[in-house]
Amino acid sequence: MGIEQYIFCFFIYAFLGYLCEVAYCSICQRHLVNRGYLYMPICPIYGFGAILILAVMLPIAHLWYFVLLLGILLTSTLEYLTSYAMELIFHMRWWDYSKRKFNINGRVCLRNSLMFGALVMLVIYGLHPLILSLMNEMSAISLVIIDCILGVGILVDFIFSTIKNINIAKLVSKINQITEDASDKWQALKQNASSKLTETKEYFSNTAIALKLKELIKKYPNLSFRKVGKGKKRLSISEFISKHTDNKEDD
């Protein structure tokens, strides 16, 4: 195949991959799910995967078992590297198979690898002969024009989609930082409050002070603090001591 045919195949399989992703995810989640990274209805990873598969597999298409094994290996490697690269760029994990059996760092899993292997077999022995027949009926000029139009479209789309996702990643990172800072401050406040409460309890546990308070309670059993702040209730001296010493006072 010529370069214009490979580029044309990229867009065809990127579109078909998008349809597969949307159908599979929508069925699993029971509602329509748009799995595209771009605004256009294509998944580039499927396009690149198809080009890789075609370039490697077509010369050995007569060895179906090699096609299956290499298909699983190549598509799984591509998925792993894509996941790793996107996480480096956006600081977000776009898919995670950690909960599935036989996964590698949550980036690839056996089930998906076997499904990709089946798709490779379908492409090499089913879809591609039909697409190749279609391309053979088209002139080279037609393919070049279509490739150029779609190429410009995906380039513009890729720029805007990447800017959008980078901004989202920055926003998520900022929110996460704010949340962590708030959590740290809250923990610091709790530790400070706990320390102050311990000091207060130690202070009121002092023998001399405790004796004076017991004497005060005996003299004025109904003594209480005035209300402080809106909605605050009066607090009796005995309740105050119990709260700050954790000891029940005997009358």
Side-chain angles (χ1 to χ4, degrees), residues 1-25 34-90 94-95 107-108 112-165:
M1 293 195 306
I3 184 64
E4 72 279 358
Q5 290 180 317
Y6 273 110
I7 295 175
F8 185 77
C9 285
F10 167 85
F11 288 107
I12 291 293
Y13 288 112
F15 173 68
L16 294 177
Y18 170 84
L19 294 181
C20 289
E21 281 281 318
V22 170
Y24 176 76
C25 295
N34 181 5
R35 288 277 289 185
Y37 169 83
L38 304 176
Y39 291 103
M40 297 172 65
I42 61 175
C43 284
I45 187 173
Y46 283 90
F48 288 117
I51 297 302
L52 178 63
I53 292 301
L54 293 175
V56 174
M57 303 299 180
L58 287 181
I60 59 170
H62 57 289
L63 303 172
W64 67 267
Y65 40 88
F66 279 144
V67 171
L68 177 60
L69 293 176
L70 280 176
I72 292 174
L73 179 61
L74 291 176
T75 53
S76 298
T77 301
L78 179 62
E79 183 180 34
Y80 189 97
L81 293 177
T82 301
S83 171
Y84 184 78
M86 293 184 73
E87 187 169 350
L88 284 180
I89 295 171
F90 300 107
W94 291 78
W95 58 84
R107 302 186 190 280
V108 295
N112 280 40
S113 295
L114 292 176
M115 290 174 61
F116 286 139
L119 286 176
V120 168
M121 299 291 284
L122 177 62
V123 167
I124 295 298
Y125 301 110
L127 286 176
H128 190 66
L130 298 176
I131 294 175
L132 185 60
S133 177
L134 172 64
M135 291 190 297
N136 288 336
E137 294 181 2
M138 301 171 64
S139 66
I141 295 298
S142 299
L143 286 175
V144 170
I145 292 174
I146 294 174
D147 290 345
C148 289
I149 293 174
L150 292 176
V152 172
I154 195 174
L155 178 61
V156 174
D157 192 337
F158 180 80
I159 293 173
F160 282 99
S161 296
T162 301
I163 292 173
K164 177 193 70 175
N165 287 305

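We number each residue from 1, following the sequence as shown. Predicted model, so just to flag it, every value in this text is computed and none were measured.
More than 12 heavy atoms of other residues, nucleotides or ligands sit less than 6.0 Å from atom OH of Tyr24. Other residues, nucleotides and ligands contribute at most 12 non-hydrogen atoms within 6.0 Å of the CH2 atom of Trp64. Around the OH atom of Tyr125, the shell of radius 6.0 Å holds more than 12 heavy atoms that belong to other residues, nucleotides or ligands. Summarising the local packing, OH of Tyr80 is surrounded by more than 12 heavy atoms from other residues, nucleotides or ligands at distances under 6.0 Å.
For Ser139, the side chain to side chain contact (heavy atoms under 4.5 Å, CB included) test picks out Ile141, Ser142, with sequence neighbours left out. Ser76 meets the side-chain hydrogen bond (donor to acceptor under 3.5 Å, both in side chains) test with Ser113; sequence neighbours excluded. Looking at residues two or more places apart in sequence or on another chain, you find no side chain to side chain contact (heavy atoms under 4.5 Å, CB included) involving Leu69. Legend: residues meeting side chain to side chain contact (heavy atoms under 4.5 Å, CB included) with Ile51, ordered by chain and number and at least two apart, are Tyr6, Cys9, Phe10. With sequence neighbours left out, the side-chain hydrogen bond (donor to acceptor under 3.5 Å, both in side chains) criterion links Asp147 to no other residue. For Glu4, the salt bridge (charged side-chain N to carboxylate O under 4.0 Å, His left out) test picks out no residue, with sequence neighbours left out.
Summarising the geometry of Ile45 relative to Glu79, their closest heavy-atom pair is CD1-CA, 4.1 Å, with the distance given to 0.1 Å.
For the atom pair CD1 of Ile131 and CG of Asn136, the computed distance is 12.0 Å after rounding to the nearest 0.5 Å. For the atom pair Leu127 CG and Ile12 CD1, the distance stands at 10.5 Å (nearest 0.5 Å).
Contact check for Leu70 versus Ile60: side-chain heavy atoms found under the 4.5 Å cut-off. For the pair Leu78/Phe116, no side-chain contact is recorded, criterion being any heavy-atom separation below 4.5 Å from C-beta on.
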Fill in: side chain to side chain contact (heavy atoms under 4.5 Å, CB included) between Tyr13 and His128, worked out
CA-CA 10 Å; Tyr13 288 112; His128 190 66; 3.3 Å; yes
Worksheet item: For Phe48 and Thr82, what are the C-alpha separation, side-chain angles and deciding distance, and is it a side chain to side chain contact (heavy atoms under 4.5 Å, CB included)?
Response: CA-CA 11 Å; Phe48 288 117; Thr82 301; over 6 Å; no
Discussion item. For Ile146 and Phe8: C-alpha separation, side-chain torsions, deciding distance, then whether side chain to side chain contact (heavy atoms under 4.5 Å, CB included) applies.
Written reply: CA-CA 8 Å; Ile146 294 174; Phe8 185 77; 4.0 Å; yes
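Counting only distance, with no hydrogens or angles, the side chain of Gln5 and the backbone of Gly2 share a donor-acceptor pair below 3.5 Å.
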